[in-house]
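Structure, as C-alpha cells:
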Amino acid sequence: MAEPAPLPLPDPGPEDRPVLVIDLGGQYAQLIARRVRECRVYSELVPAGIRPEEVLRRGARALVLSGGPASVYAPGAPRVDPGLFSLGVPMLGICYGMQLMAQELGGRVDRTDVAEFGRAELEVTDESSRLLGSLPREQTIWMSHRDAVVAAPEGARVVAASPTTPIAAFEDERRGLYGVQFHPEVVHTPHGIELLKAFLYDVADAPPVWTPAAVIEEEVARVRARVGSERVVCGLSGGVDSAVAALLVYKAVGDRLTCVFVDHGLLRKGEAEQVVETFGHHFHVPLVHVDASERFLARLEGIEEPEEKRRRIGEEFIRVFEEEARRLARAGSGPPPYLVQGTLYSDVIESGGHAGVAAKIKSHHNVGGLPEQIDFELVEPLRMLFKDEVRRVGEELGLPEAMVWRHPFPGPGLAIRIIGEVTRERLDILREADAILLEEVRRAGLYRELWQCFAVLPAIRSVGVQGDERTYAYPIVIRAVTSEDAMTADWARLPHELLQTISSRIINEVPHVNRVALDISSKPPATIEWE
Ligand code: XMP
C-alpha cells in the first residue's frame, strides 16, 4: 500500500485531520458522522463528488462511504471519483458504500432473491479480521438491503457472513479498504460502535482527541481570528444554542461582546431571571436586558390567529433588537460589525451548504427616520456541531444543567400555547400551571426522557365545583411527547399517579383553573404545539 503523503502539520489540532463521510444519499449518513465524533474523532459529511486532491488537502485520516437507496449498477447511481480508492487513505464502505467499492474494484454486485431488512445474525468467519476479530464470533446486526456483493474484489478476503448474505464484510488490508453490508452506525447493531472504533483507532490510526474541551479551544481561536479587535453582538433567547454560542464568543473576545436579551414576556416561569443571573451575574458577560413585554402584549392585543401571532412577534423582535444595536452603535464608535448566530451543523447540511462558507446577512429595520440598514457579518461558532455536541460543550463551559438540557421551546413562546388572545392574566395562569407540571415531571425523574412537556391554555371556560361554589374557569391541557427529531412524535405515557399529582396541584394552586386534560394525540396527525 502506498503510504499517505506526509502532512505539513507540525502541531495538528483535533480537527485538522478529519474523517470524511461521503454522502451517497443514505438516511444514515449524518448518523455515521455523529458516531465517529462520539468516538472523539472529528468527522464531516462531504458530497459524493469530492475530488482526491481535496481529500489529500484536508489530510483526511479516513474516508467512509455511506449507505444509499440506489443500486450501484443502475444508471445515474451516485459514484465517487475512482482516484479515491488508490490514495492510500483507509476507507470503510457501509451498505451501498461497500457495494460501490466492490463494483469499482472488480468485484460483482447483484440483486438477491431474499432482501434483508432489519435484525440479522452475523457470523465472523475470519478471526484475523481487523474490524471484527476482537468482537463476538456471533452477533446481532442491522441490515437494510436488496442488492449484495456476490464476488469480493480481488485481493479482498471475506470475513463475515449472515444466513442470507455470504459476503457480509470484506477487507483488503494491503490497500486499506474495508466493507460491511450491515449498518454499524445504528443502535440495533450493538457492537457497531466497537467496529467503528477498530476502524478509526487501529486501521486509520486516528487518536480520540476531539473532546468538548478541544472543541472550545478550536472555536475560541477561530472566532478570535475572524473577529480581530472588532465588537460583536449576540441575541440571547434562553435556549441552549444561543447560550453556548454566546459563551464561546465571550471566551474569545471578552468584553467586546455584548449580549442582548430581548425579553418578550412570553417565556416560562423563572427563565428570564435565569438568563440574567447566569450571564450577567455568574459569567459577567456584558448583558443588555430589554424588558419589552408591554410592547409585545400591545402588539398581540385582539390577535387570535396563530400565524398572525408569529408574524407580529417576529417583527417586533427584530425591531427591538435593532433599536438596541443602534443604541450600542451610539455608545461605541459605530455599529458592532459582527452578529453571533447559533447555526448548527444539521442546519448547514440541510441547507446544502459546506462548512467554512462565510455568510452575511442584512438586517433591515422598518422604523422611519433611522439608518437604512444595519449590516452584520455572521459569527457562527456552532456551525460544525450537532445538537448533542452543543450540549456537551455547554456542560464543559459550566452552563447550568437546566439550561443545557432544556426542552426545545418555540421562539413565539407561550403566545402559541394560549389558544386565543394572549393577555397578561392568561400568561400568568399558564406560567404557573406549566411550572407545576415541569416541577413534578422533574421530580419523577422523567424530564430527560421526554422531548417536550408543557401546559396549554385554551381560552375557553367550563363549569366546575370547588368547595360548595360553582366555578366557571379555564382548563389546562398537559402535552408531553417523546420524539427523536420533532418530525414525528408520540404522546408520552406518564404514570397515572404523576398525572394525579399534577392535576390536583394545578387545580388547587392555580387560580382560575378548574380542569386538567391530557392530550393523547401523536404527530402526525396532530402537531406537538397546539398552534
Ligand atoms: P410542531 O408543533 O410543528 O413543532 O409539531 C415541531 C417543533 O417545532 C417547535 N416549534 C417552533 N419553534 N418557532 C420555533 O422556534 C415556532 O414558531 C415554532 N412552532 C413550533 C415545537 O416546539 C417543536 O419542537
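Index from 1, following the sequence. We count ligands from 1, going down the list as the structure has it; atoms in each ligand are counted the same way.
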Any atoms of ligand 1 less than 4.0 Å from a non-hydrogen atom of G411? List them with their elements.
13 (N), 14 (C), 15 (O)
Could you check atom 7 (C) of ligand 1 against the protein and tell me its nearest heavy-atom contact, residue, atom and distance included?
A486 CB, 3.9 Å
Shortest protein heavy-atom distance from atom 17 (O) of ligand 1, along with the residue and atom involved
R310 NE, 2.6 Å
How far is atom 13 (N) of ligand 1 from the closest protein heavy atom, and which atom is that?
P412 CD, 3.3 Å
Can you measure from CD (Q452) to CZ (R479) and round to the nearest 0.5 angstrom?
9.5 Å
With E396 as partner, the option from V215, I216, V404 fulfilling side chain to side chain contact (heavy atoms under 4.5 Å, CB included) is I216
For I528, take its heavy atoms, then give the atoms of ligand 1 lying under 4.0 Å from any of them.
1 (P), 2 (O), 5 (O)
From atom 9 (C) of ligand 1, is the closest protein heavy-atom distance below 4.0 Å?
no
Using 30° and 60° as the class limits, which term best fits the ring planes of F296 and H264: parallel, tilted or perpendicular?
perpendicular
Test item: protein heavy atom less than 4.0 Å from atom 2 (O) of ligand 1:
yes
Taking the six-membered ring of Y338 (Phe, Tyr or Trp), confirm whether the NZ or CZ of R226 is under 6.0 Å from its centre and within 45° of its axis.
no
Salt bridge check, E315 against R312: does any charged N sit closer than 4.0 Å to a carboxylate O?
no
Could you tell me whether K309 atom NZ has more than 12 heavy atoms of other residues or ligands within 6.0 Å of it?
yes
Just need the protein heavy atom nearest to atom 23 (C) of ligand 1, so name the residue and atom and give the distance.
Q452 OE1, 3.3 Å
Are any of the N or O atoms of E529 closer than 3.5 Å to those of ligand 1?
yes
E219/R383 salt bridge by N-O under 4.0 Å criterion
no
Ranking A489, P524, G314, P410 by closest non-hydrogen atom to atom 12 (N) of ligand 1, top hit is P410
For K523, the atoms of ligand 1 under 4.0 Å from one of its heavy atoms are 1 (P), 3 (O), 5 (O), 6 (C)
